[in-house]
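In what follows, a structure is listed as structure tokens, so that the remarks can point back to it.
In each ligand, atom 1 is the first atom listed, and ligand 1 is the first ligand listed. Throughout, numbering of the chain's residues begins at 1 and tracks the sequence.
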Amino acid sequence: MSVSVFAPASIGNVSVGFDVLGLAVQPVDGTLLGDVVTVEPAEQNALAVVGAFADKLPAEPSDNIVWQCLLLFNQALEQAGKEVEAVKLTLDKKMPVGSGLGSSACSVVAALVALNSFYDNYFSEDVVLKMTGQMEAKISGSLHYDNVAPCYLGGLQLMIADENIITRTLPGFDDCYYVMAYPGITVSTKAAREVLPTQYSKTDLIQYGQTLAGFVDACYRQDKAQAFGQFDDVVAEPYRENLLPGFANAKQYLLNQGCLAAGISGSGPTLFAVTDDKALAESAAIWLKENYLQTDFGFVHVCKADNQGARCISR
Ligand code: HSE
């Protein structure tokens, strides 16, 4: 039996919730923006890496995060007294690394969900979610669920400071388009975290709390004007925008054109713009293609929220 799982791209932080908000997205044209991992029985454990961004990953399989997911998963099986089978994993690396689209989360979630599915969902969703967090912490140096949770569970996720809950699904804005522009350059999450201050002022602290609370309230009331009217990121954007050539100019242009909001997706360099107007989303995408991309690896997708999260695409 072989099983393939797709795990979607996500917007970490969603500007107003540093490390605590994340939204899974999918292109409206049906493109699979995310990674696929296939698990099949084998004589001995093996990993193959294919796909558009395969050559950007470490050559040594044991350095690959998908391989590390297998080790973690097998260790959990052994601890639970379950017999471990040899498998071949194939990672279809469709996502650019260091893009701010939750690329590592896509690989981790696709791998762990595919392995769990291979074992007939032996572990509960909570256990697998904790494993995804453990892997993400290993990769980026700090435990944050804002990419792995939406990637796994879909939709708009709010991280809760209770390890028995971890995340709650918020009512998102399903009529909104999220225009995702990846400029084709790399920004590592670790480096983007290092540029952040270690302390924030009382003014910033109050603004952060008020903005996030206002956003969550607006989600429950489906009030787009409030949700995106006060969409300022005081925690990361002011310090990270220098890492993103043309970001400030692009954001200003998009807001002038009537987009509801724009910000940095995760730790960047991907920019996202929000609008509920399809024609505006399409024209913003064309403008971003012409003005925000830096290399041939860049791309722009008009997306909507992906409320499904990781899913089996073949079995
Ligand atoms: N919340 C994380 C950050 C997202 O902004 O550093 C990146 O994975």
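D217 and Q226 share a donor-acceptor pair across their side chains, judged by distance under 3.5 Å alone. Between the side chains of S117 and R315, at least one donor N or O sits under 3.5 Å from an acceptor N or O. With hydrogens and angles left out, the side-chain atoms of D277 and T275 include no donor and acceptor closer than 3.5 Å. Side-chain contact of S265 with T270: a donor-acceptor pair under 3.5 Å is absent, judged by distance alone. Using modelled atom types, one finds no donor on one side chain facing an acceptor on the other under 3.5 Å when comparing K88 with S2.
Protein residues with a heavy atom under 4.0 Å from ligand 1 are N13, F18, D19, H144, D146, N147, T189, R193, R240, G266, S267.
Listed by chain and number, the residues in a side-chain contact (heavy atoms from CB on, under 4.5 Å) with T295 are I185, F297 (sequence neighbours excluded).
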